[in-house]
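Numbering of residues begins at 1 and proceeds along the displayed sequence. Just so you know, these numbers come straight off a predicted model, no measurement behind them.
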Amino acid sequence: MIFVAHNGDVNPSGFLPIPLGNVKERSIVDIYRNNETLIKLRDHRNLKGRCGICEYGDICGGSRARAYSYFNDIFQEDPRCLYIPRSIQSLNNI
């Protein structure tokens, strides 16, 4: 869950244009361990919508790039995920 561009810029992924730092100024280890955005992304409890209540949130987490492109929020649910979390299934008797 980290991407380093040719110029040293670090982003959460190649499809997620959120600047986290630059490896020419800080070590990649420091950026990965201490960047607030990355710390929040590693904690599935910060996810919203269906991803936030999904029993697979700690394994899958959905696509943060798709959430960002659709909702402009990296923590929102993955809009292309077809899975319906069990908590919603039980409410709807699915």
Side-chain angles (χ1 to χ4, degrees):
M1 166 176 29
I2 198 164
F3 174 80
V4 181
H6 70 283
N7 62 355
D9 287 342
V10 180
N11 298 66
S13 80
F15 298 108
L16 197 50
I18 297 175
L20 304 174
N22 189 293
V23 295
K24 295 177 182 178
E25 300 165 5
R26 293 173 55 198
S27 78
I28 190 72
V29 173
D30 182 43
I31 293 170
Y32 183 80
R33 288 182 180 167
N34 300 312
N35 181 276
E36 187 176 327
T37 300
L38 290 177
I39 291 169
K40 289 179 181 177
L41 279 173
R42 287 191 291 267
D43 186 351
H44 71 276
R45 294 173 296 182
N46 290 318
L47 300 179
K48 302 174 186 174
R50 289 178 298 135
C51 290
I53 60 171
C54 183
E55 62 272 18
Y56 300 111
D58 59 334
I59 300 168
C60 170
S63 171
R64 302 299 90 221
R66 277 196 298 258
Y68 182 75
S69 70
Y70 194 81
F71 297 107
N72 202 33
D73 181 353
I74 60 175
F75 299 103
Q76 194 50 263
E77 68 183 45
D78 180 347
R80 297 289 306 253
C81 180
L82 299 175
Y83 182 71
I84 301 171
R86 288 186 187 147
S87 57
I88 295 175
Q89 290 177 21
S90 64
L91 290 174
N92 295 322
N93 294 321
I94 297 175

Closest non-hydrogen atom pair between [X] and [Y], with its separation:
X     : Y     : answer
Arg33 : Arg42 : O-NH2, 3.7 Å
Asn22 : Asp9  : ND2-OD1, 2.7 Å
Ile18 : Pro12 : O-CD, 3.2 Å
Ile31 : Val23 : CD1-N, 4.3 Å

| field | Cation-pi geometry met for Arg66 and Phe71 (6.0 Å, 45°) | value | no
Please tell me whether [X] and [Y] are part of a single hydrophobic cluster in this structure, the criterion being side-chain heavy atoms less than 4.5 Å apart.
X     : Y     : answer
Val29 : Ile39 : no
Leu20 : Ile28 : yes
Phe75 : Tyr83 : no

Side chain proximity check, [X] to [Y], heavy atoms < 4.5 angstrom:
X     : Y     : value
His44 : Tyr56 : no
Ile88 : Arg50 : yes
Cys51 : Arg64 : yes

Test item: [X] side-chain N/O and [Y] main-chain N/O as donor-acceptor pair under 3.5 Å:
X     : Y     : answer
Asp43 : Arg45 : yes
Gln76 : Tyr68 : no
Asn35 : Leu38 : yes
Asp78 : Ala67 : no

How long is the span from the [atom1] atom in [X] to the [atom2] atom in [Y], to the nearest 0.5 Å?
X     : Y     : atom1 : atom2 : result
Leu41 : Leu47 : CG    : CG    : 8.0 Å
Ser27 : Asn34 : OG    : CG    : 8.5 Å
Ser63 : Phe15 : OG    : CZ    : 9.5 Å

| message | Under a plain distance cut-off of 3.5 Å, with no hydrogens placed, do Tyr70 and Glu77 share a side-chain donor-acceptor pair? | response | no
